2 protein chains.
Amino acid sequence: MRKVDTMILSTRGRYGIKMMLELALNYGKGAMPLKDIANRQSLSDTYLEQLISPLRKKGFVKSTRGAQGGYELAKKPSEIKVGDIIRVLEGSLAPSQCVLEEEPECSKAEYCATKLLYEKITESINNVIDSISLKDMVDDYYRLNNTNVKRRSENE
Amino acid sequence: MRKVDTMILSTRGRYGIKMMLELALNYGKGAMPLKDIANRQSLSDTYLEQLISPLRKKGFVKSTRGAQGGYELAKKPSEIKVGDIIRVLEGSLAPSQCVLEEEPECSKAEYCATKLLYEKITESINNVIDSISLKDMVDDYYRLNNTNVKRRSENE
DNA sequence: GTAAATCCTAGTTTATTAGTAGGAATTAAT
DNA sequence: ATTAATTCCTACTAATAAACTAGGATTTAC
């Protein structure tokens, strides 16, 4: 039997985004230990370790080793796009191999109407994920939070 | 180790689209045996059987049993959207479970900025896949084909 | 010098994907 | 009527990928 719903993001991408949002919320306040992030999000810290490693190597995160160490964003939240995080942790999101240049799935690629379809889907996804930065998410976070708090007190 | 690139469509969706495109190209010419489709696309016919079954049950394909039987589209190609095929074979494409109503991944969904992100991604994907019909793909198919043939003869 | 942290490699388990196998039911052509 | 070609259905299997875990080396503030 098969899964009912396909998540286009695996836990790598999803946890990675949560993790980076935590770092963005902490931006400018120094290094944050991974264990804190894991605790706040109820995720396995040893698993998050695996995810933050490539983000560091790609220059989105910087680390301070040793006691009192931790991680922080290596760029301003406005300069890190959700697409950056996803591409590091999931690779290119493409609906089919043939959209990626390396190896055409389809032997008659020039006649391939499905390739055209996949390119349209890919473009649409990339447009969205490259238009949203961590700063946008932080803004959303505070906006959503304030709205709810306000609504609650208005009801009383 | 992990795969380098995440395909948002599995073979179910990709083969399903190829199969439906073949049926669309054959539209109006009677039933086409699954074995023919499998041969044309170099795919396993027993696997395609599994994929066409839910498409038939959802009313996108109709079958004729017995010798000289086969499958054909149950609607006009313009009335079948790529999104229909994908949803039948892959389920809802969503970047995260929390976008689907049933079970919120996030305990504090009302404060969840990532949910907002996922909704934007989902909306963008659905917009594309629901705007492209099998007729569009058939048109692309012939347009790509003619263009290439023409270019070839122009070169001589 | 000890505790708290990152860093690194290699496992392990579980779930999902991608098929296969085997046969029952149906029907056109002979 | 028999045969061959087809759909239809259920269950199984193998390969792959996802989701972690384990263990230890290294670094550094206190």
Side-chain angles (χ1 to χ4, degrees), chain A residues 1-16 18-19 23 26 30-39 41-58 60-72 74 86 89-91 93 95-97 105, chain B residues 1-16 18-19 23 30-39 41-58 61-72 74 86 89-91 93 95-97 105:
Chain A
M1 200 54 71
R2 59 177 283 273
K3 269 183 76 214
V4 176
D5 293 296
T6 305
M7 300 294 101
I8 70 170
L9 294 181
S10 69
T11 56
R12 289 179 65 90
R14 285 181 281 138
Y15 294 0
K18 287 182 168 193
M19 186 164 62
L23 289 179
N26 196 57
M32 189 180 192
L34 198 58
K35 197 170 270 182
D36 288 5
I37 301 176
N39 287 343
Q41 294 285 345
S42 306
L43 300 173
S44 148
D45 57 325
T46 59
Y47 189 40
L48 289 189
E49 238 181 61
Q50 290 197 357
L51 307 187
I52 207 162
S53 170
L55 287 167
R56 181 179 59 83
K57 287 173 182 161
K58 292 282 185 178
F60 297 110
V61 159
K62 65 185 177 193
S63 64
T64 312
R65 300 187 68 175
Q68 253 53 34
Y71 295 94
E72 59 198 302
I86 291 176
L89 293 176
E90 305 267 11
L93 282 187
S96 174
Q97 195 68 32
E105 175 182 29
Chain B
M1 200 54 73
R2 57 177 283 274
K3 269 184 78 209
V4 176
D5 293 296
T6 305
M7 299 295 102
I8 70 169
L9 293 183
S10 68
T11 56
R12 290 179 63 91
R14 285 181 282 137
Y15 295 0
K18 287 182 167 193
M19 185 165 62
L23 289 179
M32 187 179 195
L34 198 58
K35 196 170 270 181
D36 288 4
I37 301 177
N39 288 342
Q41 295 283 345
S42 305
L43 299 174
S44 148
D45 57 326
T46 59
Y47 188 40
L48 290 189
E49 237 180 65
Q50 288 195 0
L51 307 187
I52 208 163
S53 169
L55 288 167
R56 180 179 58 84
K57 286 173 182 161
K58 291 282 185 176
V61 159
K62 65 185 177 192
S63 64
T64 311
R65 302 188 68 175
Q68 254 50 36
Y71 295 94
E72 59 198 303
I86 292 176
L89 292 176
E90 305 268 10
L93 285 187
S96 173
Q97 195 67 35
E105 176 181 28

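By convention in this document, chain letters (A, B, ...) are assigned in the order of the sequence lines, proteins followed by strands, and residues within each chain are numbered from 1. Bear in mind that the values here come from a model prediction, so they are computed numbers and not experimental data.
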So, is A:R12 close to the D:dA19 phosphate, meaning a side-chain N or O under 4.0 Å from OP1 or OP2?
no

Of B:T11 and A:K35, the one whose closest nucleotide on DNA chain C sits nearer the 5' end is A:K35

Quick one: label B:L34 by what it contacts on the DNA or RNA (base, sugar-phosphate, nothing), any heavy atom closer than 4.0 Å.
sugar-phosphate

What integer distance in Å separates A:N39:CG from C:dA5:P?
11 Å

Any idea which of D:dT7, C:dA28, C:dT6 is nearest the A:Y71 side chain?
C:dT6

Please report, rounded to the nearest Å, how far the P atom of C:dA18 is from the CG atom of B:L48.
13 Å

Heavy atoms only: give me the nearest B:Y71-B:L23 pair and the separation to one decimal.
O-CD2, 3.5 Å

Distance-only, no hydrogens or angles: does the B:D45 side chain make a donor-acceptor pair with backbone N or O of B:E49 under 3.5 Å?
no

Apply the test side chain to side chain contact (heavy atoms under 4.5 Å, CB included) to residues B:L34 and B:M19: give CA-CA distance (whole Å), side-chain angles for both, the deciding distance (0.1 Å), then the verdict.
CA-CA 9 Å; B:L34 198 58; B:M19 185 165 62; 4.0 Å; yes

Taking side-chain contact (heavy atoms from CB on, under 4.5 Å) as the test, write out the residues that go with B:T46, two or more places apart.
B:S44

Contact class for A:S53 vs. all strands (heavy atom < 4.0 Å): base, sugar-phosphate, or nothing?
nothing

Calculate the interatomic distance between B:K62 atom NZ and D:dC8 atom C1'; express it in whole Å.
18 Å

With nearest nucleotides of DNA chain C determined for A:S63 and A:Q68 from heavy-atom distances, which residue corresponds to the more 5′ nucleotide?
A:Q68

In chain order, what residues pass the side-chain hydrogen bond (donor to acceptor under 3.5 Å, both in side chains) check against B:S63, with sequence neighbours excluded?
none

Measure all distances between protein nitrogen or oxygen atoms and nitrogen or oxygen atoms of nucleotides 25-27 of chain D, and list the pairs falling under 3.5 Å.
| from | atom 1 | to | atom 2 | distance (Å) |
| --- | --- | --- | --- | --- |
| D:dT26 | O2 | A:R65 | NH2 | 2.9 |

Expressed in angstrom and rounded to an integer, what is the separation of B:M19 atom CE from C:dA18 atom P?
14 Å

Taking only side-chain N and O atoms of B:R14, does any of them lie within less than 4.0 angstrom of OP1 or OP2 on C:dT17?
no

Please state how far atom CG in A:L23 lies from atom C1' in C:dT6, giving the value in whole angstrom units.
14 Å

Distances under 3.5 Å between nitrogen or oxygen atoms of protein and nucleotides 21-23 of chain D:
| from | atom 1 | to | atom 2 | distance (Å) |
| --- | --- | --- | --- | --- |
| D:dT21 | OP2 | A:S44 | OG | 3.0 |
| D:dT21 | O4 | A:Q50 | NE2 | 2.5 |

side-chain hydrogen bond (donor to acceptor under 3.5 Å, both in side chains) against B:T64, all qualifying residues, sequence neighbours excluded:
none

Residues which pass side-chain hydrogen bond (donor to acceptor under 3.5 Å, both in side chains) with B:S53, listed by chain and number, not counting sequence neighbours:
none

The reported gap from CG in A:L51 to CZ in A:R56 (rounded to nearest 0.5 angstrom) is 13.5 Å

Round to the nearest Å and state the distance from A:D36 atom CG to C:dA4 atom P.
12 Å

Atom CG of B:L89 to atom P of C:dT17: distance rounded to whole Å?
12 Å

Sequence neighbours left out, what passes side-chain contact (heavy atoms from CB on, under 4.5 Å) with A:N39? Give chain and number order.
A:K35

Interatomic distance, A:E72 CD vs C:dA5 C1' [rounded to whole Å]:
14 Å

Return the CD to CD1 distance between A:E90 and B:I8, rounded to the nearest 0.5 Å.
11.5 Å

